[in-house]
Structure formats: C-alpha cells, structure tokens
Amino acid sequence: MTGEATTGTAPGAPDTRIPPGSSDTRTPPGASDPLTPPGASDTRTPPLPAQEPAPPEPPETHRAAAPAPVPLPEAEGPRDAVTRLRAHGCWYPSADPDGTEAAFICDRGGVPQLWAGPVDGEGVRLLDSSPDPVKEVSWSPDGRWIAYTTAPGGGEHSRVLCVRPDGTGRRLLAGADPDTSAYLGCWARDGSAVAVTLAAPAVSRARRDGLWQPSDPAPAHWTARDGRATLLGTTAYATGPGGLGTTAYATGPDGLGTTAHAPGPGELGTTAHAPGPGGTPAARTGAGLSAYLIDPDGLASPVLLATEPDAPTLRVCDLTADGRLALLRRGPRGRREAVVRRVVDTATTFTLPVADGDQWIGRFSPDGRTLWLRSDAGREYAALFAVALDADGTALGTRVVAERADSDLDLLTLAHDGRTAVLAWNVRGASELDVVETSARPGAPDTTGPPRPVPLPHEVVTRITAAGAGRLLLALSGSQRRPGVWWAHEGVSLLRTPWSARDEDTVPPGRPPVRPVLSRLTARDGLPLGGWYYRAPGRAPQEPAPCVVHLHGGPEDQERPVFDPLYHELLGRGLDVFAPDVRGSGGHGRSFVDADLGTGRFAALDDVADCAAHAVTAGPADPTRLAVMGRSYGGYLTFASLVWHPDLFRTGVAVCGMSDLLTFFAGTEPWIAESAAHKYGHPERDRELLRTLSPMSRIDALRAPLLAVHGEHDTNVPPGESEQFVRAARERGVPAELLVLRDEGHDFLRAENRRLFRRAAGDWMERHLRP
C-alpha cells in the first residue's frame, strides 16, 4: 500500500525536529494539562483551524471513544536481529523529510518488524523488537515521529503506535482495548497530528458474560505465545528452534488431536456467537468507525474528524495544508468512494466512486484547490482524475487527465511539492511506471504534462513514496526476488537499498525461482480468463505433470508475477502450479470484478473447473493428478470446488477459507460483514442464496481428501469455518486434517509458521498426487 500523504514537509512549514542530544521542553505526555500551558509557545501549525465551533458530536453508541496516548517501555532492538533470515523481505517504506533515511517493514528476524536506516547504507536499526507483526509505517513530515500499526498476537485486531526515529519515546496512540481495532491515516502536513481510525468495540462474549473488564489484563489471545502449531489428524508436525522441531502433538480421544480452542458440546472449538432464528445467526452489529486527529506528543486533545455508524471502512487519506479539508475513503468492497469533508463543520462537499485496491486514493494540491484521485467512476479501468475545488471544498469540475486502455491505475503518489505525480499502471499483472508533471489552471482542474516512463528491474511495484526533493522510494517484488526497496532520483535508474535482500539470495543455491508464463483461456460462457503457469523444473515440455490449481483471495485480489515461497516449495516437489484469475478478480476491469456478484458466484465455481481443464490442455497437466488450493476467498473456492466438482480434483488444501457463508457472516468482524454483504449477499435478505453457495450445503458430495489450514487468531474468517468442514468430512469417512497455526491471524506472518505451512501443504500434495 502506498500513502504519499504520509511524507514530506509542507512548503514554508517550520522544521521542528529535535536535534540529537537536545531536549524537548514542551509539555510531556501525561502532564495534568493536555494542552499547551498559558503563555507557552508552540510554533507548530495546529491540526485544525480556529473557526466556529463544531456541530454536536454523534451519539455515543456510534462513536468510538477518543483514544489517549499510552507511554510504553522502549523496545529498540539490536542493530541486527538475533536470528537473521538471509532470504528476507523489506517493504512498505516511508522516508524522512530529506529522503536520506527510510523506515520500513522487514522480516529478517522472522516476523515483520519496524526498521529504519539510510537509503544508501547498511546501518539499519530495529525500532521495535516486540513480536507483534507490523503492517503499516508512516514517517511524520517534520521528521520527529514514525507511526506504525501492529497486530497483537498476530491476529486481525490492530493498534497504532509511534516511536522516535532513534527508538525512544515509544507509545500507543490507539487500539489499547482488545475489542477494538485502530488504523493508520495520514499526517497533518506539518506533522503536528496523525489521523487514526478507531473501531468502536462490539460487545464481545467475554464482556457480555462479565468475564473481562477494561481494568483486567488483556485476554490470552493477545499475549505472547511460543509460535507453535496444532495439527488435527494423523501427521505429526511440530515447531522448534529451527522452524520444524521434534516435539509431536498429542492426539485426543476422538482422534482429532489437540486444539488451541476449548471444544464445546458437539463442536470442534468455541464460537463467538450464539445461534439465532433458523439455527444460524446473522451478521453481528458493529458500533461504527471514528476518525480522529491525534497529537503524538499528547499536547492537544484528539479531534474528531468523522464518524460512520456501521461503516465497513473509513480512512483519512489526506488533509489540506491549512487543515480545512479532509479526504476520506469509505464504503463497502466494490462500492468505495472518495469523500471531501470540511473539518470545521464536518460537512461533505464532494463524493466520487473510487476503485478498490490501494487504500491511499489521492491527495490535495499544495493550495487545496485541486484534488488528485485514482478512480474508476463511470469507467472500466481506474484512471487519474483532477477535481477542481473552491475555497469551501465544493467541486467546480472533474476530468480525467491520465488513462490507459485496458490497464488500471494501481498506485498514485505525489511528490512533496505537489507538482510531480508518479503513476503505477497494472498491465496484465505487471507494473509500468510513469512520472508526470502537473500545472495549475486558473478556474479549472490542474492538468498534467506528458508521461516519462521509468524502467523497472522487477515486475511489480507495491508502494511508491516521495523521499526528499526529486527522489523516490519504491517497494518492488517479482518472480525472481523477495520484496525489496529501491530508490532513485527522478528519471535515474533505480538502485537497490543495501539492506534489501539480493536477488541471488531469494532461494538457496541450486534451484532458481521459476518464471511463470501468462496463459489465456475462455470460460464456458465466453468470458475471457487468464492465469500464470509455473512449470516444475526438469520436466520435458510435453510431459504430463501433477498440477496444483492455486486460487487467490479477495476475490478482488489479482494473481501477479511475484515470487511465492509456497509455489517454490510445490515446484521443488515436481508439481506444476497454475494460478488463474477467475471472475471477480481485480486488474481486468470493473465488469470482470462484478461478474461474480449474487448468482454470478456459481459461474465463478465453473471457472475453477474451466481453468483446471485449461491446465491439462495447455500446461500440460496430468488430468488424473489435479489438486486445488487457495487462501481466504481462494480457500472458499477450494472447499466449494471439492463439492461442486467432486471427481475433478484428487485432493485439496483450503487455507483460512469460508465453508458456510452464513456462519462466516455471524462470526466475522462487524465491519468485514458490512463490507462483504455487497460481494456475497446479505445474510438476512439473501439467506437462501448464501446457504446454496455454501460448501457445507453440499458436504455429502465430498470425495477427495482435504487439508485445512487456519490461523488461531483469525477474526476475518474465524477458525470455525475450517473446523466444521473437517469434522463433517471425517464424519462421512473422508480423510481430512486441520492444521491450526499459533499466533497467526488471517495472514501467516511468522517465518517459523510459514515454513511449517509450506512443508505441510507440500507433503500433503506430494502424498496424494503420486502416480
């Protein structure tokens, strides 16, 4: 993800960074008066203009309480992690104001953590050594703070923290309550405050039953764990210091093994909801999302920017330099919109539909009179829009200023001066980069000059950020490398940062990564489809091979040519991999994304079978040795394909997938349910459709053995979705196992667990796809 609004000093703004060794004489956090004392001077621009009072606040039931910064113990780590991974990844860079240093996420210590260091030197430092995975990073425009989000315990709930660039002053800004989640927004242009979205806590079962109070320690699922995994079934895997150890997990009396959850009567694990009418509850009700401006120094009280009752998403993407206007991104999947809102009275002055994908959708020009947006409003593919605004934020005109036929605008970044835009285009899954200059037009939207292409050393750009005058930082990935960070002055070839892993370190010597081939096909109803075919090394061109059809998540995600250690594992065992984009995937136009809505999901299930047939004819894959595998929505498709096409696949591996769409809606986070209803159907109005589309409704058709894998802290797709499918399969005599990964949520982020997952999946596939 990218967020140009998170970097850069506004023109003319004072530089209030504290030099090393000097003291900060402002009121410290925790002082009795949270505001600047009378008579004291604070030269920073306030986060809000001094104007008329704001309107009454929304009802408490819809608003998350304003968070208060909480000082934390220092957690700066050694200059290098104790257990360094040679083939590590670096991603999500954010530069300091002059572009000489970058904060970034790196998993060289086995888990994504916050690091910082010079862009042209080796001297990186670990700023937070805690085991909680880091998800986003943003360096303040004044250079004094680095804000970042973490996932406590590896789960789906997140917190927003900040730390000084030297590793001191670490504090929690939002998300202390384990029943809430906090999300990072943009910085005020002068660095005086950072925007944070807070989800008001839904009433958890522990709170409802009086088992947990705010004064109690955090529930166990937020505490540090040993990272071990639990396997339900017959194969014994265990984790040890090297990632795969020697300790086997005990099998319980029912033969299913031990679990990380306390089983209840007739169930594999406990659930977070109680059945309603008809036996299955509808989606849980959330309490809304609220966006605040928070001063990391604690000198000013949080300022409420926006509240959205029962909202699926709300992110503050940018603020004008004078703090008058805020750019918000809100709405459910497939129906996102950009919102311009006046800060002083919270009045909405402009809205426009925007594309899914990267959350950082646009930015205001330096004078606030033009809004640059990445949008697909009224279009098949996202393009660059320029919106002219008056002084009050009302739109005067909107027009497209940069577009490409059959290609989405993937990422949009503006340089610190607001007069240089960097555009990343999605061209059949790969990225192409353009730099364009912008110029003001009196009384009309700004315009752009001719694009200047920037050559890329690898296939896919995942983030772009400005890094001082004329310099860019890019996070790149590709089929031949781990994620890394590259930098360049505009128009100059990109250079890899010294702390990013080298291409030759992507895998151990002797078996280089496989470069995939783009393959196209036509679905049975005439819709064009495509995917990437990976051929196992050492096979003759036309020799039939066992093949794994791997399905991505989303469903709006897109299969792109980036290095995947899972594919490398499968290929090394002599298995081909075909990774297609079935209908509903991103990168192929709005109509393709919407083609699986409602009853269109039945056609998506047919797409899986059509892709398997194409792998046989064009791969060539062995038609008697096909397997299906996927994660998240791909896990749902795996469950569904095994019961809709029971004779097509010899086996399957479903990772964090939904097996019953009604229980999924009942157990997921409220804002996820709100967003997913547009994509899958409403859990009350479309109940019968969801029941029919649920793999559990056809479980009697299951024939193929199945491995299900789930993170124990997954609140996106709760582990019960895998548990109930595995139990039902075993009750019907079908071999099925469940691997539960400790300290993981919906994404598997710890190196030890990822190795265990790859080995388990590879062993399972190899065992069931042998001749």
Side-chain angles (χ1 to χ4, degrees), residues 3-6 8 10-13 45-58 141 185-190 192-195 197 289-293 303-308 311 313-331 336-355 359-375 377-378 384-401 412 414 417-419 421 438-448:
E4 180 53 32
T6 63
T45 305
L48 292 177
Q51 300 185 34
E52 59 195 71
E57 294 183 347
C186 68
W187 284 92
R189 296 289 181 96
D190 64 351
S192 60
V194 63
T197 297
L289 300 175
S290 300
Y292 289 91
L293 274 177
V303 177
L304 181 66
L305 286 177
T307 291
E308 297 284 340
T313 55
L314 178 66
R315 183 177 292 243
V316 184
C317 295
D318 196 23
L319 295 161
T320 53
D322 56 11
R324 290 180 302 106
L325 303 175
L327 171 63
L328 310 176
R329 175 184 180 266
R330 70 179 183 190
R336 312 286 193 200
E337 62 180 359
V339 178
V340 175
R341 184 166 292 177
R342 282 200 302 264
V343 172
V344 67
D345 59 3
T346 69
T348 295
T349 62
F350 174 75
T351 62
L352 186 74
V354 293
Q359 301 191 56
W360 303 101
I361 55 175
R363 198 179 187 197
F364 294 105
S365 63
D367 61 4
R369 303 304 289 267
T370 297
L371 172 63
W372 301 100
L373 280 177
R374 181 183 61 85
S375 171
L384 177 61
F385 282 62
V387 183
L389 304 173
D390 66 13
D392 290 328
T394 302
L396 302 175
T398 301
R399 67 191 188 95
V400 175
V401 294
L412 166 64
L414 269 78
D417 61 5
R419 295 303 178 193
T438 69
S439 58
R441 297 179 52 184
D446 288 5
T447 189
T448 61

A.B. asks: Taking R324 for the side chain and G393 for the main chain, is one N or O donor matched with an acceptor at less than 3.5 Å?
C.D. replies: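 No: the side chain of R324 does not pair with the backbone of G393.
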A.B. asks: Does some side-chain heavy atom of T351 sit less than 4.5 Å from a side-chain heavy atom of R330?
C.D. replies: yes
A.B. asks: Contact between L293 and V316 at the side-chain level, heavy atoms closer than 4.5 Å - yes or no?
C.D. replies: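 Counting from C-beta outward, L293 and V316 never come under 4.5 Å.
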A.B. asks: Under a 4.5 Å cut-off applied to non-hydrogen side-chain atoms, are W372 and V401 in contact?
C.D. replies: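 Touching, per the 4.5 Å side-chain cut-off.
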A.B. asks: What residues, two or more places apart in sequence or in another chain, satisfy side-chain hydrogen bond (donor to acceptor under 3.5 Å, both in side chains) together with T348?
C.D. replies: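 Expected list: R341.
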A.B. asks: Has D318 got a side-chain atom pairing as donor or acceptor with F364's backbone, closer than 3.5 angstrom?
C.D. replies: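 Confirmed, D318 side chain pairs with F364 backbone.
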A.B. asks: Please examine the side chains of V343 and L305, heavy atoms only from C-beta on, and report whether any two atoms are closer than 4.5 Å.
C.D. replies: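 Of all side-chain heavy-atom pairs linking V343 with L305, at least one is under 4.5 Å.
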A.B. asks: Could you check whether any side-chain heavy atom of L327 comes within less than 4.5 Å of a side-chain heavy atom of R363, counting everything from C-beta outward?
C.D. replies: no
A.B. asks: Spell out, as yes or no, whether a donor-acceptor pair under 3.5 Å connects the side chain of R329 to the backbone of T313.
C.D. replies: no
A.B. asks: Strictly distance-based, threshold 3.5 Å: is any side-chain N or O of D345 a donor or acceptor partner for the main-chain N or O of A347?
C.D. replies: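 Yes; judged by distance alone, with no hydrogens or angles, the pair exists.
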A.B. asks: When you compare the side chain of L389 with that of L325, does any pair of heavy atoms fall below 4.5 Å?
C.D. replies: yes
A.B. asks: If you measure only the distance, is there a donor-acceptor pair under 3.5 Å linking the side chains of T320 and D322?
C.D. replies: yes
A.B. asks: Find out whether D390 and R369 are in side-chain contact, i.e. whether some heavy atom of one side chain is under 4.5 Å from a heavy atom of the other.
C.D. replies: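 Of all side-chain heavy-atom pairs linking R369 with D390, at least one is under 4.5 Å.
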A.B. asks: Is there a donor-acceptor pair under 3.5 Å between the side chain of T307 and the backbone N or O of S290?
C.D. replies: no
A.B. asks: With rounding to the nearest 0.5 angstrom, report the CD to CG distance, E308 to L289.
C.D. replies: 8.0 Å
